[in-house]
Amino acid sequence: MIIIENIKTLHNHLFTIKKDSKTIGFVPTMGALHKGHISLILKAKVENNISVCSIFVNPTQFNNVSDLEKYPKTLEADIIKLKKADCDFLFLPSVEEMYPKNEVNLYYNLGLIETTLEGKYRPGHFQGVCIIVDKLLAIVMPTTLYLGRKDYQQCMVINKMMQDKPYNINLCICDTVREEDGLAMSSRNMRLDEIERQRALRIIESLQMIECNLKIGSLELLKKSSVIFLEQNNYKVDYVEIADAETLELQTTWDGKRKLVALVAAYLNDVRLIDNIIL
Ligand code: PAF
């Protein structure tokens, strides 16, 4: 695996590769890699000639300084995992490289998907995600971008950002990878102690409760029951919502036909966990 810290060097490597009509699969990450990330790398490898992973803890997408400071950093272990997965390139830029002084950030017109759900609780988060993913795509110019469905809203936001740009890049959204007991893999899980790790299962259970009890008519009781269930288990709930799976418009009733997604975000002590399931 070739590790590159500098935009120009990566550009030069990838330019030669593209000149030979080789395809590039790209997986952007913030490090603290787990099996979910590695499954994206493996898919990128199977489907392309070249795989590129980036590790960059992007400051502009953290609306909370302490969340940024506490974000797990495990670079040595990450490199070992990527080498084992036989990833071809790791792009490891510095903050100065990605955010040169005096550069004016772009603004992305994302509509409802920017301000609902995660956007309501993490203002500015999705602008930060778009800024960095846009920059990374412009550098890597991959054939296909690989993202995990665990960040359901992020996938929609990035899809919208890409559609509004003259990129000719495919977006491959891959299923959430879960631990054997059902917990969605997340870098934030590393911050859970043993008791919290057990209690983290209440997140997927709150979604399964919705899945099992979904019926035509009002959805209000369904959502409320999951909120109460989480609160009884010492969670501080940001939201449990049911939304249109395509537009992310929040739903209060169901006609039995519309494709829905149930989404949750809640704090277990100071660790914020999110998950979703398509109903
Ligand atoms: O999902 C993430 O890890 C980040 O939001 C991403 C897509 C790498 C952008 O920083």
Side-chain angles (χ1 to χ4, degrees), residues 7 10 24-41 43-44 51-65 67-75 77-78 81-82 87 89-99 105-106 108 110 113-114 117-119 121-142 144-163 165 167 169-177 184-191 263 265 271-276:
I7 295 175
L10 183 69
I24 299 174
F26 176 47
V27 181
T29 81
M30 297 205 296
L33 301 183
H34 50 68
K35 286 187 196 140
H37 294 117
I38 299 303
S39 75
L40 298 179
I41 302 283
K43 193 162 168 63
S51 54
V52 180
C53 176
S54 66
I55 295 181
F56 180 69
V57 182
N58 173 34
T60 62
Q61 72 186 75
F62 287 84
N63 52 313
N64 177 327
V65 183
D67 194 25
L68 171 60
E69 281 165 0
K70 285 186 193 148
Y71 201 83
K73 289 169 194 80
T74 58
L75 185 57
D78 291 348
K81 287 176 191 166
L82 289 171
C87 181
F89 287 93
L90 169 58
F91 182 43
L92 209 55
S94 63
V95 173
E96 294 72 35
E97 186 79 6
M98 294 311 289
Y99 291 106
N105 281 330
L106 292 175
Y108 300 84
L110 303 167
I113 51 170
E114 175 174 3
L117 298 165
E118 286 299 284
Y121 291 90
R122 305 184 67 187
H125 169 66
F126 288 125
Q127 287 295 325
V129 169
C130 284
I131 291 168
I132 199 64
V133 175
D134 193 5
K135 279 172 184 266
L136 289 168
L137 291 180
I139 297 164
V140 178
M141 277 295 174
T144 304
L145 168 68
Y146 293 84
L147 297 174
R149 189 172 281 117
K150 153 123 186 321
D151 295 298
Y152 193 91
Q153 192 171 1
Q154 169 170 279
C155 292
M156 289 183 71
V157 162
I158 293 175
N159 186 31
K160 166 99 176 82
M161 179 274 283
M162 284 167 68
Q163 277 172 6
K165 291 248 159 186
Y167 287 134
I169 299 172
N170 306 313
L171 175 59
C172 179
I173 298 173
C174 304
D175 284 345
T176 303
V177 177
M185 299 232 177
S186 163
S187 305
R188 286 192 165 85
N189 294 351
M190 287 179 193
R191 292 180 50 208
L263 310 103
V271 184
R272 190 171 184 276
L273 298 172
I274 64 168
D275 200 355
N276 65 80

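First listed ligand is number 1; within each ligand, the first listed atom is number 1. Just so you know, these numbers come straight off a predicted model, no measurement behind them. Note: hydrogens, waters and symmetry copies are ignored here, and every other heavy atom, side chains too, is used.
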* In plain terms, say whether Asp78 and Lys73 are close enough for a salt bridge, that is, a side-chain N and a carboxylate O under 4.0 Å apart. => no
* Can you list the ligand 1 atoms lying under 4.0 Å from a non-hydrogen atom of Ile132? -> 9 (C), 10 (O)
* **Whether Phe62 and Tyr71 hold their rings parallel, tilted or perpendicular, with breakpoints at 30° and 60°** => perpendicular
* Any idea which part of Thr29 is under 4.0 Å from ligand 1, heavy-atom wise: side chain, backbone, both or neither? -> backbone
* Which residue and non-hydrogen atom of the protein lie closest to atom 7 (C) of ligand 1, and at what distance in Å? -> Gln154 NE2, 3.5 Å
* For Lys81, does the NZ atom sit with more than 12 other heavy atoms under 6.0 Å from it, leaving out its own atoms? -> yes
* State, yes or no, whether a side-chain contact exists between Ser54 and Leu92 at a heavy-atom distance under 4.5 Å. => no
* To do: Could you pull out, from Lys150, Gln61, Met30, the option with a heavy atom nearest to atom 9 (C) of ligand 1?
  => Gln61
